[in-house]
Trainee: 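Sending over a structure as structure tokens; questions will come in a sec.
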Amino acid sequence: MRNAITDVPGVLVGHATLVGGGALTGTTVVAFPRGALVSVDVRGGAPATRDTAALDPRHGGRRVRGVVLTGGSAYGLAAADGAAGVLGGFVPAAALFDLGRGGDFTARPGAAEGAEAARTAGRDVPQGNVGAGTGALNAALKGGLGTASVSLGGGIVVGAVAALNAVGPSVDPTTGLPFAHALGLPGEFPAPGGDDPAAVTRVEDRTAPFNTVIGVVATNARLPHPYALASAAQDGLALAVRPSHGLTDGDTVFAARTGDDGGGEVDPRRVLDAAREVFARALVHGLLNAESVTTAWGALPAYRELYPRTAARYRAGHRGN
């Protein structure tokens, strides 16, 4: 197990990252095996999405080969054109707001980045300032892309990948730890290292007024419908980011039931509980893997800069499953 969404059989992830020359953005493609049934749950008042209506749970979702998570706000949705050309068929997409964070408001992903991310999709999932997490910002801190998974036994796996770009904070200023820290597997997240818990409160919050968390949750369990999986992941988002689903958020979670033959029967409540926790854990990994960035737009400090002793205990790429 890699503690990644790619632990779900047949699921692959690829990134395209744009840094420099005024750019701080990127695209992530999550590819599914043939036959995967996909739905979506969109919350908050400011989503930027493409073809999500085709995944409407009232109509049973849709079988698609992949989805796109991208920076660039609505402009970045053009990355889906390139991904569709590589994966075949239409590819739904969701975008987060990162315009101008590299210094150039017009620097954003397009079809070329979508195609690159789709072509490079594999089982290894780099985290932090990559793909859709490149320009992500979480309240006062640099956000990033993270992933996590859990095995439920019998070959059944639930995994998630998410880009943390939320208006609401994800760090508890009374402890200095991520809100979802307690949901980690044994040894997955660091114990307090003696840093000032309130360090985050002394950093200028630069997120207003636009942000969004986007991600994917997947399983090979035989669930009746994947929408419940997406809804549970949104609940996990609310555990990791407080508050979430606000008027300036467009929080969007795709859910995929892969239909892989390795998936067996399991109590759906166990799968949904796992989806809730694994999505929250993915967001914590996005926070802990993010790196500080300074551009013409300004300085974006990362958690590891404000809480260096705690972050030093974090084992990136943890294989806790």
Side-chain angles (χ1 to χ4, degrees), residues 1-5 125-130 133 136-151 158-207 211 213 215 233-244 251 273-294 298-321:
M1 298 282 286
R2 299 166 183 260
N3 199 19
I5 191 173
V125 187
Q127 301 180 76
N129 298 12
V130 295
L137 190 59
N138 173 218
L141 297 179
K142 180 70 181 70
L145 184 131
T147 188
S149 68
V150 67
S151 171
V158 180
V161 63
L164 177 62
N165 190 62
V167 170
S170 60
V171 176
D172 184 345
T174 66
T175 65
L177 297 175
F179 284 122
H181 178 275
L183 299 177
L185 300 176
E188 183 173 17
F189 300 134
D195 300 298
D196 178 3
V200 69
T201 64
R202 291 186 287 277
V203 180
E204 179 187 2
D205 186 342
R206 302 175 58 89
T207 55
N211 275 76
V213 170
Q234 288 277 20
D235 293 342
L237 193 167
L239 293 175
V241 177
R242 306 178 189 179
S244 57
D251 301 326
D273 286 345
R276 187 176 301 111
E277 295 188 3
V278 82
F279 198 84
R281 288 169 46 218
L283 290 170
V284 175
H285 283 296
L287 176 74
L288 298 181
N289 279 287
E291 299 179 10
S292 299
V293 175
T294 299
L300 311 180
Y303 181 91
R304 61 176 63 182
E305 178 182 335
L306 271 65
Y307 300 93
R309 285 176 285 190
T310 301
R313 300 183 175 189
Y314 174 63
R315 293 182 295 140
H318 174 70
R319 303 293 181 258
N321 294 14

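Just so it is clear, the values below take in all heavy atoms, side chains as well, and ignore hydrogens, waters and symmetry mates.
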Trainee: Can you name the residues that form a side-chain contact (heavy atoms from CB on, under 4.5 Å) with A275, not counting sequence neighbours?
Mentor: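 Residues passing side-chain contact (heavy atoms from CB on, under 4.5 Å) with A275: V158, V217, L229, A232.
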Trainee: Got a sec, which residues hit side-chain hydrogen bond (donor to acceptor under 3.5 Å, both in side chains) with T174, two or more places apart in sequence or on another chain?
Mentor: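 D172.
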Trainee: Identify the two heavy atoms, one from P173 and one from V200, that lie closest to each other, and give their separation to 0.1 Å.
Mentor: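 Heavy atoms of P173 and V200 come nearest at CB-CG1, 4.3 Å.
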Trainee: Only one of F189, Y303, Y307 clears side-chain contact (heavy atoms from CB on, under 4.5 Å) with L177; which?
Mentor: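 Exactly one candidate clears the test, Y303.
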Trainee: Grab the two heavy atoms, one from A240 and one from L283, that are nearest each other, plus how far apart they are.
Mentor: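 So the two residues come closest at CB-CD1, 3.9 Å.
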Trainee: Tell me if a side-chain donor or acceptor on E188 pairs with a main-chain N or O of H285 at a distance below 3.5 Å.
Mentor: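 No; judged by distance alone, with no hydrogens or angles, the pair does not exist.
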Trainee: Starting at CG of L145, measure out to CG of L287 and round the result to the nearest 0.5 Å.
Mentor: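 Separation between the atoms: 12.5 Å.
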Trainee: Indicate yes or no for a side-chain donor-acceptor contact from N129 to the backbone of A290 under 3.5 Å, with no hydrogens or angles considered.
Mentor: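 A pair under 3.5 Å: no.
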Trainee: Can you list the residues that meet the side-chain contact (heavy atoms from CB on, under 4.5 Å) rule with P169, with sequence neighbours excluded?
Mentor: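 Partners of P169 by the side-chain contact (heavy atoms from CB on, under 4.5 Å) criterion, ordered by chain and then number, come out as A139, P243.
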Trainee: List the residues meeting side-chain hydrogen bond (donor to acceptor under 3.5 Å, both in side chains) with E277, not counting sequence neighbours, and say none if there are none.
Mentor: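 Expected list: none.
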Trainee: At what distance, to the nearest 0.5 angstrom, does OG of S170 lie from CG of N138?
Mentor: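 Here the interatomic distance stands at 3.5 Å.
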Trainee: At their closest point, which heavy atom of A282 faces which heavy atom of A148, and how far apart are they?
Mentor: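 Result for this residue pair: N-CB, 3.8 Å.
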Trainee: Minimum heavy-atom separation for P301 to L306, with atom names?
Mentor: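 Taking every non-hydrogen atom into account, CB-CD1, 3.7 Å.
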Trainee: For D195, check side-chain hydrogen bond (donor to acceptor under 3.5 Å, both in side chains) against everything at least two apart and list the hits.
Mentor: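 Once residues adjacent in sequence are excluded, the partners of D195 under the side-chain hydrogen bond (donor to acceptor under 3.5 Å, both in side chains) criterion are R309, T310.
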Trainee: Could you list the residues that satisfy side-chain contact (heavy atoms from CB on, under 4.5 Å) with A191, not counting sequence neighbours?
Mentor: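 Testing A191 for side-chain contact (heavy atoms from CB on, under 4.5 Å), a comparison that skips the adjacent residues, returns R313.
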Trainee: Atom CZ of R281 and atom OG1 of T147: how far apart are they, to the nearest 0.5 Å?
Mentor: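 Going from CZ on R281 over to OG1 on T147, the span is 9.0 Å.
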Trainee: Taking atom NZ of K142 and atom CD of E291, what is their separation to the nearest 0.5 Å?
Mentor: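 Those atoms lie 9.0 Å apart.
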Trainee: Roughly how far apart are N165 CG and D251 CG, rounded to 0.5 Å?
Mentor: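 Taking CG in N165 and CG in D251, the distance rounds to 9.5 Å.
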Trainee: Grab the two heavy atoms, one from V161 and one from F279, that are nearest each other, plus how far apart they are.
Mentor: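 Result for this residue pair: O-CE1, 4.1 Å.
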Trainee: Can you list the residues that meet the side-chain hydrogen bond (donor to acceptor under 3.5 Å, both in side chains) rule with T175, with sequence neighbours excluded?
Mentor: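 Residues passing side-chain hydrogen bond (donor to acceptor under 3.5 Å, both in side chains) with T175: none at all.
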Trainee: How many angstroms lie between CZ in R276 and CG in L239, if you round to the nearest 0.5 Å?
Mentor: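 Taking CZ in R276 and CG in L239, the distance rounds to 7.5 Å.
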Trainee: What is the minimum heavy-atom distance between G236 and A280, and which atoms define it?
Mentor: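 Heavy atoms only, the tightest pair is O-CB, 3.4 Å.
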Trainee: Indicate yes or no: at least one non-hydrogen side-chain atom of L164 is less than 4.5 angstrom from one of V241.
Mentor: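 With C-beta onward as the side chain, the pair touches.
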